[in-house]
Amino acid sequence: MIFYSKTTFINNTVQIEISDKGDSIPEHSTYVRMQNMYGLWEASPLGNGRTEITYTGSGNPGGNLPTFIANKELITSMFKTFQNLNKVILLDEYQSLKITN
């Protein structure tokens with residue numbers, strides 16, 4: 001994947017938009033490049049020290065990967081991502097962070 005990410009702060013919500021930039025670097029014959037990739041992370045405060053984090057995204061894994069395998073991997077990888085995010089976000093170094101415009 002070759003992508004570009006842009007972070008914005010809108011209405012007290014942090015948004016990280018991820019877009020495909022695969023056309024900016026020549027393809028390599030050894031690798032299959034994911035195409036048409038898009039993602040959006042949003043983190044919104046709920047109060048009482050709680051935050052709602054959502055992710056939406058889409059992409060084409062490319063190659064000859066059957067859809068059912070791609071979908072299974074997508075679900076597994078997102079589940080692992082949220083599990084790891086839950087661990088990292090609780091680290092002391094992130095507890096005093098303040099996000100401002």
Side-chain angles (χ1 to χ4, degrees):
M1 276 188 293
I2 310 294
F3 63 89
Y4 169 79
S5 64
K6 179 176 108 178
T7 303
T8 55
F9 187 71
I10 301 170
N11 297 328
N12 216 25
T13 297
V14 176
Q15 294 182 333
I16 303 170
E17 185 176 6
I18 302 164
S19 57
D20 187 357
K21 291 296 178 188
D23 58 354
S24 64
I25 296 174
E27 292 188 30
H28 191 283
S29 62
T30 306
Y31 302 102
V32 175
R33 183 177 291 172
M34 187 166 181
Q35 303 168 12
N36 305 320
M37 199 262 312
Y38 173 82
L40 179 65
W41 287 92
E42 294 183 296
S44 305
L46 296 175
N48 296 325
R50 297 179 61 191
T51 302
E52 177 181 59
I53 299 173
T54 58
Y55 174 78
T56 55
S58 63
N60 177 352
N64 295 320
L65 190 63
T67 302
F68 77 94
I69 292 176
N71 288 341
K72 183 176 188 275
E73 181 56 32
L74 175 66
I75 292 167
T76 301
S77 65
M78 285 310 304
F79 182 73
K80 289 179 182 178
T81 296
F82 275 98
Q83 280 184 317
N84 290 331
L85 180 61
N86 192 43
K87 293 174 189 173
V88 170
I89 210 163
L90 296 174
L91 295 174
D92 289 340
E93 61 193 276
Y94 298 113
Q95 298 311 301
S96 62
L97 283 178
K98 300 290 182 203
I99 299 171
T100 59
N101 286 334

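Just so you know, these numbers come straight off a predicted model, no measurement behind them.
- In terms of the side chain to side chain donor-acceptor pair (under 3.5 Å) criterion, Ser58 has no residue partners (sequence neighbours excluded).
- Under the 4.5 Å side-chain heavy-atom criterion for ILVMFWY residues, no single connected hydrophobic cluster contains both Tyr38 and Val14.
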Side-chain donor/acceptor pairs under 3.5 Å, residues 39-57, sequence neighbours excluded:
{"residue": "Glu42", "atom": "OE2", "partner": "Gln15", "partner atom": "NE2", "Å": "2.7"}
{"residue": "Ser44", "atom": "OG", "partner": "Thr13", "partner atom": "OG1", "Å": "3.0"}

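- The CD1 atom of Ile69 sits 13.5 Å away from atom CG of Leu74, with the distance rounded to the nearest 0.5 Å.
- Taking the side chain to side chain contact (heavy atoms under 4.5 Å, CB included) definition, one finds that Pro26 meets it with nothing, sequence neighbours left out.
- To the nearest 0.5 Å, atom CG of residue Asn71 and atom CD of residue Glu73 are 11.0 Å apart.
- Residues that satisfy the side chain to side chain contact (heavy atoms under 4.5 Å, CB included) test with Tyr4, not counting sequence neighbours, are Lys6, Ser19, Lys21.
- Here CD1 of Ile16 is found 12.5 Å from CZ of Phe9. Values are rounded to the nearest 0.5 Å.
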Please tabulate, for side-chain N and O atoms in residues 86-93, each donor-acceptor pair with protein atoms closer than 3.5 Å (sequence neighbours left out).
none

